[in-house]
Amino acid sequence: MSIEQMAQALIDLTEADEKSLRTWSEIEDATFTAYASAYLGEIVPPCKGCHTS
């Protein structure tokens, strides 16, 4: 898909399409945040503030 085609697809979005995309985006953001938090919580030790000024 060319940049022109992608731009036209964006222009052609309806209000319902935009609402649906926002909903899915919120779900994906929450899913990634939960996954990253669980992963980092187990793998990376919490910062004890030893390197802050």
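Numbers here are sequence positions counted from 1.
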Engineer: Would you give me the side-chain donor-acceptor pairs under 3.5 Å for residues 23-36, sequence neighbours excluded?
Structural biologist:
{"residue": "Thr23", "atom": "OG1", "partner": "Lys19", "partner atom": "O", "Å": "3.0"}
{"residue": "Thr31", "atom": "OG1", "partner": "Ile27", "partner atom": "O", "Å": "2.8"}
{"residue": "Thr33", "atom": "OG1", "partner": "Asp29", "partner atom": "O", "Å": "2.8"}

Engineer: For Gln5, I'd like to know if atom CD has over 12 heavy atoms of other residues, nucleotides or ligands within 6.0 Å.
Structural biologist: yes
Engineer: When you look at Thr14 and Asp17, which way does the side chain to side chain donor-acceptor pair (under 3.5 Å) test go after all the steps?
Structural biologist: CA-CA 5 Å; Thr14 65; Asp17 294 334; 3.1 Å; yes
Engineer: Tell me every residue that passes side-chain hydrogen bond (donor to acceptor under 3.5 Å, both in side chains) with Glu4, counting only those two or more places apart in sequence or in another chain.
Structural biologist: Ser2
Engineer: Residues in side-chain contact (heavy atoms from CB on, under 4.5 Å) with Glu18, at least two apart?
Structural biologist: Arg22
Engineer: Among the clusters formed by ILVMFWY side chains lying less than 4.5 Å apart, do Met6 and Leu10 turn up in the same one?
Structural biologist: no
Engineer: Residues in side-chain contact (heavy atoms from CB on, under 4.5 Å) with Leu21, at least two apart?
Structural biologist: Leu13
